[in-house]
Structures are given as structure tokens and as C-alpha cells.
Amino acid sequence: MHWADVIAERLAKQGDSHVIATGITPSGPIHVGNMREVLTADLIVRSCERIGIDAELVYIADTADPLRKVYPFLKDDEYSQHVGKALATIPSPDGNGNYSNYFLTPFFEALNDLGVEYRVVDSYQSYQEGKYTTAAKTAIDNREKIRDIISEISQRPLNDDWFPYNPVDDEGKMHGVKVTHCEWPWIEWQTENGHTGRTNIEKGGGKLPWRLDWPARWDWLNISFEAYGKDHSAAGGSWDTGQHLSPIFGSPPPMGMMYEWIYLKGKGAMASSKGNTVSGKELLDIVPPEIMRFLITRVKPSKHIDFDPGEGLISLADEYERLEQKYHTKLSTLEHKSVEESSRKEQQLIDEARKFELAQGIRSGTSYDGGLGISFSHLSTLCQIKSKNADLLDSLARTHGIDVTQPDSRLVDRVGRMRNWLNSEWFPENARIKLANSIDSRQFEENEIDFLNTFSDNIKEIRWIEDEILTAIRGTISTSELAPREAFTSLYRSLLDRERGPKLGALLAELEKQDILDLLDGIN
RNA sequence: GGGCCUGUAGCUCAGUCAGGUGGAGCGACGGACUUUUAAUCCGUUGGUCGCGGGUUCGAACCCCGUCAGGCCCGCCA
């Protein structure tokens, strides 16, 4: 059974209506690693829908979190003054609006692109509106008890002056602010510089520390499931203390599931603080949403993913396409048998089907149609040799029977992304089509050289269009002692310096005839 | 020091919760097709399940230990 379906079944045993939570701090570009959390939650929502139970995805934007430091992508002189302030209260790097929205906007665009449906809870706003007031009161009333629990579970004693609420000072900063006195709803504080003042908890004059904020929101949002990053999962970590603190706020803890991080191949864990990230938006600029979803659906959450935006992305797309074919030819009609009444082989097939279904951007309930039938590889070739979309569509009209006047919007969409990919730093060099610089005759047999020379002669007088080039190739093969396959391999090896390649007729037509002739002249 | 996750075919992963003859895809190899190929179809190959013990009639799976990689144990999220 697919892991998302396993979770859905467990949730179904607990009730028929669930709130699935996900939360990411918009302190920087929201990368593919962060997206795993939201997509994991989305898959579980969809699995719930499949078996007929209600599930709502709630995204908590941690906009009340303070800016921890000046990240590498920020200007030091501009942002050092804002360290410690809530993300929602500091200016955006581009000068428009606030900091958190600057990073949330592209993230939401990516989610919409991915077909994720969610409700946003803005934590800064929630504090302002008093949504956390009850929890804050509970936390302060139970200060001793909570301190004992955290100290015991995390194996680290908290200081005597520990207070379960972090107030902001008169500059809006939370770092290094000590609570000196509390008389509900007022909290008195002192900064490291000796400044004193007071803020109103009911008006969002600060926030709960993370270890309390988490279980507090479980209660007021009625969360029944949350996937959390592996950094939270160790004994004594925030998930662990949350389990014990949750009852104090009035609810049992939600069901949870740890997920592993996504690593950038060869560069370590994706982390915006280190700058080695691919944002969700960036990835969606170059591949369609179903490929990005497939990245997540194909592997259990406990596995780390070594994300390779180059060749790895090509194989991911290939794998997706093969699965798409298989799905439409044999998997879509598969009966969803229970684990008990099916063999492991059947289970593996059902898993594959689910990996595909859950990768679809469209919601359950709509039909999964036959796909585009045009492979990514072919598309990458076409985009490389046809610089104009009109020419590209003409080519597809001949080979794939598409309607040039009304091309499928998904096709146009994919072409756009493919062109972005080609123009990006990620597109792998060995998938790029380049005419060889020269031909090393020693690498070829005599009959191959004869063939290439004849071919060179045969194309001298033709018009440089796809049909005539093809005719010339065929004609040359028919008079050659080479088998067609060998002949084509010779052409690929000599012209492109590779064993295989895209359709030669279309490719050569896009290149300059004289360049081909010059190249072939080099043979002796 | 304490803990979590991962380790299964050359590669990417299922299978571990519910112990019962080790699976899939890719790759590689072979064949078919024979005037196109980053093609398709058919077939073959492939693994002391990280390592060592234990429990069991039977262990990839449960238990103990161990090695390797990653991560956590902060008034950070």
C-alpha cells in the first residue's frame, strides 16, 4: 500500500473529518526540501478523499517568527537592524510590502501550480487577533509544570527565569528580552541594554516559544495530523516535548510522520541559510507540476532524496513517462485489493498506480486522461532545433498529429518550461545537441567512411529541407553495405560525437548545410 | 553522552509495522524490427538484503550488538 494511503486509513480509524497541518517559516526562498512537507500533507489529504473522509490542509505561515540572522541572500547593512523582529514586521528585500510576503507569494504560486488546496493561517496575524491568547494564558498559568516537562524530556534544565512567552521590546525585537513581571494581560520586560517596558499579550505583544507554539496551535486549529522534518524528530526534540505538552493545552497530540530532507546532489542538505537551494518556483519553471509531485510520491518520506536538477531530472521525467504509459495501459483498471487478499506483486502494482495518481496536479474525482504522448526527450530535441514555437508545432503536427490551430494547453505549457530548462544552468550538457568540431577518421571503419563520403556527395545538390535530407540518407543507405542501424550510428558518431541522437532529418534541417559539408570534408 | 532516520541487484527504489521460496523500473547483455534512434517489442543477466550474534520449524522483516552516511538533543523554527 502506498504510504499516503496507509496514513489515510489510520486517520479513518480515528474519525471521518481531519485537519492536516503544515507549517514553513518564510524566512527565505521556500525550497524543494520545504515543499516536501506541504506535498506530503497534500498526498495524505488526497488519500483521505479517495476513501471518503474529509480532510482539510491548513498551511501555517510562521510570520511571527523573528529573523534569526542576516542570511547570505540579504544585505547586511540593511537587515542587521531587523534581526530579532517578526518576519511580518520587516521590509521586503525588494522594497514592496513585508518580508514574509515576499517569500510567500512565489511559494503560493508554486502550490497553486501543483494543485495543492489549502487554507492559510498567518501566525503573526493570529497572535494580533488574539487566537493564541488562551494558549498563552494556559502556558503562563502552568509555567512551572511546563518548565519541568521540557527540562525532563529534552534533558536540558531551563533557567529559573525561563518564561513561556517571548515579548517584543519597543523596537519589535524578541531576542534577548527578559520577562521581569507578568500581570495578565500585561507583561513587563527588560532588554540587554536595560530598556524596560510592557506589552499586551492579548494584542500579540510577542509569541510563544516554538516548543509551546506548536502544541498550542494543535489545539486551537484542531490538528489531527502533521508531517514534520527529521530535525524535530529526535528524543527530546520539539515533537517529543509537544507530545507531552499537548494535553496541557487541552488536546491529544496529532498523529505525526517524520519526513527526511532533500539534498542537492553533491552539495548537501538544501538550506536557505547556506544558499544551496532550488526553490519550488524555480523547479516548476523548468518541469511540469506532476514531475515535481512525482519526486515526492515515488519515495517513502523516511528516505532522503538526493535531488539532481541535471541528468537526474531527465531520468525522473523518463521514469514518470514510462509509468504514465503503464498506468494507462494496465494500471488504471487495477482493483484496490487490501493487503491481506493480494500478493506482494499485486501490491507493488497498486503502489505504482498510486504513485502516478498522487502525482497528478488535478484533484481526485476528475479523470486521468491519456497524457500528452510526447516525451520529454523528444520535446527537448524539438525545443533545441526549433527556435520558433510555430515550427515546433508544425513538426508535431506531422509526427504526432497535433492540431496546430488549437494546441493542447498542457503542450504549450511544457514547451515553455522546457525552453526555460534549456536556458537554465541545470540542463545537462550531455543532453544538449551540438555539432561535432571535427571527425576523427581513425574511429571509423572503412565502410563507414565510404558511407559518410557518399552521403556528403549526395547532399551537396539537394534543397536543405527535412524531406530531401531524409531521402538522401535513405538513398545513401540503400547503396551502402552498412545495415541501416549501423549507418545511422555512423552519422550520429561523426556529426554529433555520440552513439544515438534525435531524429536526423529534422535536426540536420535546422543546422547549416555548409557546416555539415565542412565537417564531412574532414574525413579521409 | 542520549536519540532518530537510512543501508536490499551496477543505479533508483518496493518489500520490514502483520516472519513463510528475495521484487519493480532503469542499466548491461542477447534477439526482433531493418530506409532513422535519444525509438519500440521480446528475452536474458543480475543480490552472503551493511556486518556479527540471538529468538524461531522458518528472519531482509522481531531482539541485542556493531559499522557507515545523515540529522537532532537552543528562551531557533
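It should be emphasised that the depicted structure is a prediction, and the values quoted were computed from it without experimental measurement. Note on naming: letters A, B, ... go to the chains in the order of the sequence lines (proteins, then strands), and numbering restarts at 1 for each one.
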| On a plain distance test, is the side chain of A/R298 in donor-acceptor contact with the base of B/rC13 below 3.5 Å? |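 Answer is no: no donor-acceptor pair is held.
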
| Under 4.0 Å between a side-chain N or O of A/K503 and OP1 or OP2 of B/rU37? | yes

| When the nearest nucleotide of RNA chain B is assigned to A/R156 and to A/K345 on a heavy-atom basis, which residue is associated with the more 5' position? | A/K345

With 3.5 Å as the limit, what N/O pairs link the protein to nucleotides 6-9 of chain B?
| from | atom 1 | to | atom 2 | distance (Å) |
| --- | --- | --- | --- | --- |
| B/rU6 | OP1 | A/S302 | OG | 3.3 |
| B/rG7 | OP1 | A/K303 | NZ | 3.1 |

| field | Nearest listed nucleotide, side chain of A/M258, among B/rA38, B/rC5, B/rC72 | value | B/rC5

| task | Measure from the side chain of A/R322, starting at C-beta and using heavy atoms only, and say which of B/rG2, B/rG25, B/rC75 lies closest. | result |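 Closest of the options to the side chain of A/R322: B/rG25.
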
| Going by number, which of residues 480-487 of chain A have a non-hydrogen atom under 4.0 Å from RNA chain B? |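 Contacts with RNA chain B under 4.0 Å: A/P484, A/R485.
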
| message | I need the residues from residues 25-38 of chain A with at least one non-hydrogen atom less than 4.0 Å from RNA chain B; give them sorted by number, or say none. | response |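 When residues 25-38 of chain A is checked for heavy atoms under 4.0 Å from RNA chain B, the hits, listed by number, are A/T25.
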
| task | Could you check which nucleotide pairs with B/rG65 in any of the strands shown, counting Watson-Crick or G-U wobble with both distances under 3.5 Å? | result |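 Partner of B/rG65: B/rC51.
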
| Who pairs with B/rU44 - Watson-Crick or G-U, where each distance is under 3.5 Å |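 WC or wobble partner is B/rA28.
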
| message | According to salt bridge (Lys or Arg N to Asp or Glu O under 4.0 Å), who are the partners of A/E499, at least two apart in sequence or on a separate chain? | response | A/R493

| request: Applying side chain to side chain contact (heavy atoms under 4.5 Å, CB included), name anything that partners A/D5, two or more places apart in sequence or on another chain. | output: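 Once residues adjacent in sequence are excluded, the partners of A/D5 under the side chain to side chain contact (heavy atoms under 4.5 Å, CB included) criterion are A/M1, A/H2, A/S47, A/R50, A/R354.
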
| message | Which residues pass the side chain to side chain contact (heavy atoms under 4.5 Å, CB included) test with A/V179, not counting sequence neighbours? | response |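 By the side chain to side chain contact (heavy atoms under 4.5 Å, CB included) rule, A/V179 matches A/F163, A/P167, A/I187.
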
| task | Ignoring hydrogens and angles, tell me if any N or O in the side chain of A/R147 forms a donor-acceptor pair with the backbone of A/P164 under 3.5 Å. | result |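 Flag not set: sc A/R147 to bb A/P164 has no pair under 3.5 Å.
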
| Does the side chain of A/N193 pick up a donor-acceptor pair with the side chain of A/T191 at under 3.5 Å? |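 On atom types as modelled, these side chains do not qualify, holding no pair under 3.5 Å.
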
| request: Indicate, with a heavy-atom threshold strictly under 4.0 Å, whether A/D306 touches base, sugar-phosphate, or nothing. | output: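 Nothing: the residue A/D306, judged by heavy atoms under 4.0 Å, touches no strand.
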
